[in-house]
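Note that the coordinates shown come from a computational prediction; the quantities given were computed from them, not determined experimentally.
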Amino acid sequence: MLNEKFYFYEGNTSVYLETFILNDYPTYSTHIRPMMLICPGGGYSGCSAREAEPIARAYMAEGYNTAILYYSVKGNTEELYDFDKDVTKPHYEVAKSICIIRDNAEKWNIDPEQIAVIGFSAGGHIAGCASILWDDEKLIKALGCEKGYNKPNAAVLVYPVISSGDKAHKGSFRNLLGEDETNPNWQRYSLEKQVKAENPPTFLFHTSADGAVPVQNSTDLGTALANAGVHFELHVVPEGGHGMSTGSREVLPEKNTYNGRWVHWSVLWLETIFGI
């Protein structure tokens, strides 16, 4: 396995992209793999370990190369909004990560048209930024890339933070954008309001019992995707709290196999999207 780290800022070793590239052998039936870019949750105050390597291992077991984005959070960066670039730092970092992956696609045996981004909770907001705000003009200028080079081919959003409205996880938005809810960026980064037909296919999973990030974050986004004609799949299950990750014993005191089915569902869905 090839394991590399890419740092975004000189002098800050807390913000980086870590790759897990599977070995290739002549006897394998396929030599080009899809890529899953992982954004752990943490309310923009940290990156949850339960939604990092366990997720990478789950998708590697399905033949994916993977990468984990350890993005800027309040614990490692004083200000999460980059006033010079005029975008949030995590938004820039996830888009830059997709560019790095495409730059190295041949070296890593990755199909550059099979790059998915997955995010959990606040990491779901970051993954949503990558898939919904991929064409943000200020972002494209900051990246210095051709528009679309930073666009993922699919998004998997698991109990995601989406809205800055009545059903918002306000703590995440305050960490990201500050206390002033009249700041126009609160609307700019309320993702259900920014959906367009050009957004990539999207998979959504949530529990209706989520007491931290209300299920309306996923259902309202699903409605917006439907209205825009974007291909999406939405799963809502009745029980289970926030932050269950894969539902295994590794991440929960008592495993939740029922809710953990989302991993398999997402793999089947991605096979239809990527034609694999």
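Looking only at side-chain heavy atoms (C-beta outward), P34 and D111 stay at 4.5 Å or farther from each other. Between D136 and R188, some side-chain heavy-atom pair lies under the 4.5 Å cut-off. Between N109 and H31, the closest side-chain pair of non-hydrogen atoms is not below 4.5 Å. Taking 4.5 Å as the limit, some side-chain heavy atom of C39 sits within range of a side-chain heavy atom of V94. At least one side-chain heavy atom of H125 sits under 4.5 Å from a side-chain heavy atom of F173. Between N12 and V15, some side-chain heavy-atom pair lies under the 4.5 Å cut-off. Considering only heavy atoms from C-beta on, D82 stays 4.5 Å or farther from Y92 through its side chain. For the pair H169/Y44, no side-chain contact is recorded, criterion being any heavy-atom separation below 4.5 Å from C-beta on.
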(message) Set out, in order, the CA-CA distance, both residues' side-chain angles and the distance that settles side-chain hydrogen bond (donor to acceptor under 3.5 Å, both in side chains) for N183 and Y189, then state yes or no.
(response) CA-CA 11 Å; N183 180 340; Y189 281 99; over 6 Å; no
(request) Give the C-alpha distance, both sets of side-chain angles, the deciding distance and a yes or no for side chain to side chain contact (heavy atoms under 4.5 Å, CB included) between E254 and R249. (result) CA-CA 6 Å; E254 295 184 12; R249 287 192 183 93; over 6 Å; no
(message) Evaluate W269 against H231 for side-chain hydrogen bond (donor to acceptor under 3.5 Å, both in side chains), listing each step before the verdict.
(response) CA-CA 11 Å; W269 177 78; H231 176 109; 3.2 Å; yes
(request) In sequence, state the C-alpha distance, the side-chain angles, and the governing distance for Y149 and L143, and then conclude on side chain to side chain contact (heavy atoms under 4.5 Å, CB included). (result) CA-CA 10 Å; Y149 194 69; L143 291 170; over 6 Å; no
(request) Quick one: do S190 and E192 satisfy side-chain hydrogen bond (donor to acceptor under 3.5 Å, both in side chains)? Show the steps, please. (result) CA-CA 6 Å; S190 193; E192 83 283 8; 2.9 Å; yes
(request) Step by step, work out the side chain to side chain contact (heavy atoms under 4.5 Å, CB included) result for F8 and K96. (result) CA-CA 9 Å; F8 292 91; K96 183 66 175 178; 3.8 Å; yes
(request) Run the numbers on D135 and E198 for side chain to side chain contact (heavy atoms under 4.5 Å, CB included), then give the verdict. (result) CA-CA 9 Å; D135 59 348; E198 295 78 17; 5.7 Å; no
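Residues I110 and I276 do not share a hydrophobic cluster, clusters being chains of Ile/Leu/Val/Met/Phe/Trp/Tyr side chains in contact below 4.5 Å. Under the 4.5 Å side-chain heavy-atom criterion for ILVMFWY residues, a single connected hydrophobic cluster contains both M244 and F203. Cluster membership check: L157 shares its hydrophobic cluster with L37, using side-chain heavy-atom separations under 4.5 Å among Ile, Leu, Val, Met, Phe, Trp and Tyr. No continuous path of hydrophobic side-chain contacts links V158 to L69 [ILVMFWY only; heavy atoms under 4.5 Å]. Linking Ile, Leu, Val, Met, Phe, Trp and Tyr whenever their side-chain heavy atoms come within less than 4.5 Å leaves I162 and Y159 in two separate clusters.
Under the 3.5 Å distance criterion, the side-chain polar atoms of R102 are matched with a main-chain donor or acceptor of K151. Between the side chain of D210 and the main chain of V213, a donor-acceptor pair closer than 3.5 Å is present. No donor-acceptor pair closer than 3.5 Å links the side chain of W108 to the backbone N or O of I101. No donor-acceptor pair under 3.5 Å is formed between the side chain of T66 and the backbone N or O of M36. No donor-acceptor distance shorter than 3.5 angstrom exists from the side chain of T202 to the backbone of F232, with no hydrogens or angles considered. The backbone N or O of I98 lies less than 3.5 Å from no partner atom in the side chain of N150, so there is not a single donor-acceptor pair. Of the possible donor and acceptor atoms, none in the side chain of N256 sits under 3.5 Å from a partner among the backbone N and O of G240. Remark: side-chain polar atoms of N199 are paired, donor with acceptor, to backbone N or O of K196 under 3.5 angstrom. A donor-acceptor pair is defined here as one N or O able to donate and one able to accept, closer than 3.5 Å; no such pair exists between the side chain of N65 and the backbone of R33.
Checked against ring pair (Phe, Tyr, Trp, His ring centres under 6.0 Å), Y59 has the following partners two or more places apart in sequence or in another chain: Y64.
No hydrogens or angles considered: nothing links the side chains of E239 and N259 as a donor-acceptor pair under 3.5 Å. Side-chain contact annotation: Y70 with E93, donor-acceptor N/O pair under 3.5 Å absent.
In terms of heavy-atom proximity, N153 sits nearest to I273 at O-CG2, 4.3 Å. L204 and L225 get closest at one heavy-atom pair: CD1-CD1, 4.2 Å. Heavy-atom minimum distance, C145 versus C99: SG-SG, 4.1 Å. In plain terms, the two heavy atoms of T207 and V215 that are nearest each other are O-CB, 3.7 Å. What you find for I38 and P40 is that their closest heavy atoms are O-CD, 3.6 Å. The minimum heavy-atom distance linking G43 with N175 is given by the pair O-ND2, 2.8 Å.
Aromatic rings from H235 and F205 are positioned such that their centres are separated by 6.0 Å or more. Ring centroids of F83 and Y81 are separated by less than 6.0 Å, placing the two rings close together.
Using a cutoff of 4.0 Å between basic side-chain nitrogens and carboxylate oxygens, K170 and E181 are scored as salt-bridged. Taking the charged nitrogens against the carboxylate oxygens, E250 and R50 have no contact shorter than 4.0 Å, which rules out a salt bridge.
The CG atom of N23 lies 4.0 Å from the OH atom of Y25; values are rounded to the nearest 0.5 Å. Atom OG of residue S72 and atom NE2 of residue H91 lie 13.5 Å apart, to the nearest 0.5 angstrom. Note that CD of E106 is 8.5 Å distant from CD1 of I32, once rounded to the nearest 0.5 Å. Atom OG of residue S163 and atom CD of residue Q187 lie 8.0 Å apart, to the nearest 0.5 angstrom. S97 contributes atom OG, which lies 11.0 Å from atom CG of D103 (distance to the nearest 0.5 angstrom). Atom CZ in F20 sits 4.5 Å away from atom CD in E53 (nearest 0.5 Å).
For the side-chain contact (heavy atoms from CB on, under 4.5 Å) with L133, the lone residue among V87, L191, T88, L139 that qualifies is L191. Checking V263, L270, V267 one by one against E62, the side-chain contact (heavy atoms from CB on, under 4.5 Å) holds for a single residue, V267.
Residue pairs that meet the side chain to side chain donor-acceptor pair (under 3.5 Å) test with at least one member in residues 216-227, sequence neighbours left out, are H206-S218.
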